[in-house]
Peer 1: 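Quick one: structure below, then a few questions.
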Amino acid sequence: MARSYLPLNALRAFEASARHLSFTGAADELCVTQAAVSHQVKLLETQLKVPLFKRLPRGLMLTQEGERLLPVLNSAFDQMAHTLDRIGESGYRGVLHVGVVGTFAVGWLLPRLDDFQQQYPFIDLRLSTHNNRAELAAEGLDFAIRFGTGAWHGTAAQPLFPASLSVMCIPEIAARLNTPADVLGETWLRSYRADEWTEWLLAAGLPSSYPMTKSIVFDSSIAMVEAALQGAGVALAPPRMFPRQLSSGALVQPFNTAVSLGGYWLTRLQTRTETHAMACFRAWLLKATNA
């Protein structure tokens, strides 16, 4: 099969720039000058006759064409690297890059990693955590595990399990919570979604309008629950992700009321071709979460 001319240096410069969203970051990685990287990317854009980046005052942003090209290059470069690594070695080894929302990573995935490694010793797992905002293409991720409704533009999403939210606090605070209405007198520990507490109050039979109470907003349920453990207030978080804190009695659920506003999902770019390592991880994860 005849191939079009492949400008490998330009493609490499684009792929590194897209991961860093910076010509300077790509230059540091490739050990060349920022001007050389910028020049190579410009040559590629000229050849393709489309812009691959939007040049911003503080970095770069991928265009639609750039978002289409990046996962193809990620996959191709990964496959070339894997093949080179395997020359002279026996057996298959795969590298898998997974971005995981921190709450899921700590509360569910990390305690089960040994099982995955036992079953798939030939897969090198590279984990990075995020606060539910993951850029699959820009970060070069094979998968991202996120919390939400499954609707992320340009991604294929498979549900893992729902994660209902419930009030959790230390026993000393729980002792003064006789009815759900008593939480109105406490400091609320919450995410950036203010509607979560509103939905929980409605589920508890309270009116949708209520007096304003003090609140602290967190971008991570891990930090929120740690604040609850320190006695800073009452947290609204998924109990399923904090079994150790609940089983030890460090935290308690003063009420049975729970509200479900989303769940955890395994996501990947729709344009990303699934590798053998990806298929193994997906199969293991779906089996483990449905066990």
Side-chain angles (χ1 to χ4, degrees), residues 19 21 71 74 95-117 123 125-168 188-197 199-200 216-229 235-246 251 258-270 272 274 277-278 280-291:
R19 280 190 285 105
L21 290 179
N74 285 151
V95 177
L96 187 68
H97 298 266
V98 182
V100 190
V101 62
T103 306
F104 187 93
V106 175
W108 192 93
L109 183 58
L110 294 184
R112 294 169 175 81
L113 277 185
D114 184 62
D115 178 68
F116 176 77
Q117 292 175 320
I123 295 178
L125 189 59
R126 312 284 173 83
L127 292 178
S128 61
T129 58
H130 57 79
N131 61 353
N132 216 39
R133 292 175 175 84
E135 296 292 337
L136 284 154
E139 297 176 43
L141 298 174
D142 297 303
F143 287 120
I145 297 175
R146 303 189 253 201
F147 178 85
T149 60
W152 290 280
H153 178 69
T155 66
Q158 287 185 281
L160 299 177
F161 52 73
S164 297
L165 306 177
S166 189
V167 171
M168 297 189 291
W188 291 353
L189 311 178
R190 66 176 183 87
S191 77
Y192 61 90
R193 289 188 53 177
D195 64 319
E196 290 176 347
W197 268 104
E199 293 296 326
W200 186 88
I216 305 174
V217 179
F218 296 85
D219 68 353
S220 163
S221 292
I222 296 173
M224 183 198 304
V225 169
E226 180 59 33
L229 286 165
L236 191 60
R240 185 169 184 176
M241 293 296 98
F242 301 95
R244 289 180 289 110
Q245 293 86 341
L246 290 168
L251 287 180
V259 60
S260 181
L261 300 176
Y264 291 103
W265 298 74
L266 178 68
T267 68
R268 65 173 176 81
L269 286 173
Q270 291 175 338
R272 179 74 165 99
E274 189 172 75
M278 289 173 67
C280 290
F281 181 78
R282 178 173 56 81
W284 172 83
L285 185 63
L286 293 176
K287 181 179 179 181
T289 53
N290 287 282

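Atoms considered below: every heavy atom in the structure, side chains included; atoms not considered: hydrogens, waters and symmetry mates. In this text, all values refer to a predicted model and were calculated from it rather than measured experimentally.
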Peer 1: Would a 4.5 Å heavy-atom cut-off, applied to side chains only, mark Glu139 and His130 as touching?
Peer 2: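 Result no, sub-4.5 Å side-chain heavy-atom pair not found.
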Peer 1: Minimum heavy-atom separation for Pro238 and Tyr264, please, with both atom names.
Peer 2: CG-OH, 4.0 Å
Peer 1: Between Asn132 and Arg146, is any pair of side-chain heavy atoms under 4.5 Å apart?
Peer 2: yes
Peer 1: Are the side chains of Trp200 and Leu165 in touch, meaning some heavy atoms are under 4.5 Å apart?
Peer 2: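 With C-beta onward as the side chain, the pair stays apart.
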Peer 1: What is the distance from atom OG1 of Thr103 to atom CD1 of Ile222, rounded to the nearest 0.5 Å?
Peer 2: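 So the OG1 of Thr103 and the CD1 of Ile222 are separated by 4.5 Å.
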Peer 1: Provide the closest heavy-atom pair for Arg282 versus Gln158 in the form atom of the first, atom of the second, distance.
Peer 2: CD-OE1, 2.8 Å
Peer 1: Which atom pair, heavy atoms only, marks the closest approach of Ser221 to Phe242?
Peer 2: O-CZ, 3.7 Å
Peer 1: Can you check side-chain contact (heavy atoms from CB on, under 4.5 Å) on Val106 and Arg244, steps first, answer last?
Peer 2: CA-CA 11 Å; Val106 175; Arg244 289 180 289 110; 4.3 Å; yes
Peer 1: Of all the heavy-atom pairs spanning Glu274 and Phe143, show the shortest one and how long it is.
Peer 2: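 Looking at all heavy atoms of both residues, the shortest contact is OE2-CZ, 4.2 Å.
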Peer 1: Over all heavy atoms of both residues, which pair between Phe218 and Ala227 is shortest? Give the atoms and the distance, please.
Peer 2: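 Minimum heavy-atom separation between Phe218 and Ala227: CZ-CB, 3.6 Å.
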Peer 1: How many angstroms lie between CG in Leu110 and OG1 in Thr129, if you round to the nearest 0.5 Å?
Peer 2: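 Taking CG in Leu110 and OG1 in Thr129, the distance rounds to 9.0 Å.
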Peer 1: Less than 4.5 Å apart, side chain to side chain, heavy atoms only: is that true for Leu127 and Leu113?
Peer 2: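 The answer is yes, as the side chains (C-beta and beyond) meet within the 4.5 Å cut-off.
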Peer 1: Cys280 and Ile123: which non-hydrogen atoms are nearest, and at how many Å?
Peer 2: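 For Cys280 versus Ile123, the nearest heavy atoms are CB-CD1, 3.7 Å.
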Peer 1: With rounding to the nearest 0.5 Å, note down the distance linking NE2 in His153 to CG in Leu269.
Peer 2: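 Answer rounded to 0.5 Å: 10.0 Å.
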Peer 1: Taking atom CZ of Arg272 and atom CG of Asn74, what is their separation to the nearest 0.5 Å?
Peer 2: 6.5 Å
Peer 1: Do the side chains of Leu285 and Phe116 get nearer than 4.5 Å, heavy atoms only?
Peer 2: no
Peer 1: For Phe147 and Leu160, what are the C-alpha separation, side-chain angles and deciding distance, and is it a side-chain contact (heavy atoms from CB on, under 4.5 Å)?
Peer 2: CA-CA 10 Å; Phe147 178 85; Leu160 299 177; over 6 Å; no
Peer 1: Using only heavy-atom distances, determine whether the side chains of Ser191 and Glu196 contain a donor-acceptor pair under 3.5 Å.
Peer 2: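 Side-chain D/A pair, Ser191 to Glu196: present.
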Peer 1: Under a 4.5 Å cut-off applied to non-hydrogen side-chain atoms, are Asp142 and Arg268 in contact?
Peer 2: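 Contact flag for Asp142/Arg268 side chains = no.
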Peer 1: Would you check if Met241 and Val225 make a side-chain contact, meaning some heavy-atom pair closer than 4.5 Å?
Peer 2: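 No - every pair of side-chain heavy atoms lies 4.5 Å or more apart.
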Peer 1: Would you call Phe281 and Val98 a side-chain contact if the rule is heavy atoms closer than 4.5 Å?
Peer 2: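 Answer yes - side chains close enough.
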Peer 1: Evaluate the ring planes of Phe161 and Trp108, with Trp represented by its six-membered ring, and classify them as parallel (under 30°), tilted (30 to 60°) or perpendicular (over 60°).
Peer 2: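 Ring orientation, 0 to 90° scale: tilted.
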Peer 1: Got a donor-acceptor contact below 3.5 angstrom from the Trp152 side chain to the Ala157 backbone?
Peer 2: no
Peer 1: Taking atom CZ of Arg112 as the centre, report whether more than 12 heavy atoms of other residues, nucleotides or ligands fall under 6.0 Å from it.
Peer 2: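 Result for CZ/Arg112: enclosed.
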Peer 1: Could you tell me whether a side-chain N or O of Thr267 sits under 3.5 Å from a main-chain N or O of Ala144, the two making a donor and an acceptor?
Peer 2: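 Checked: pair present.
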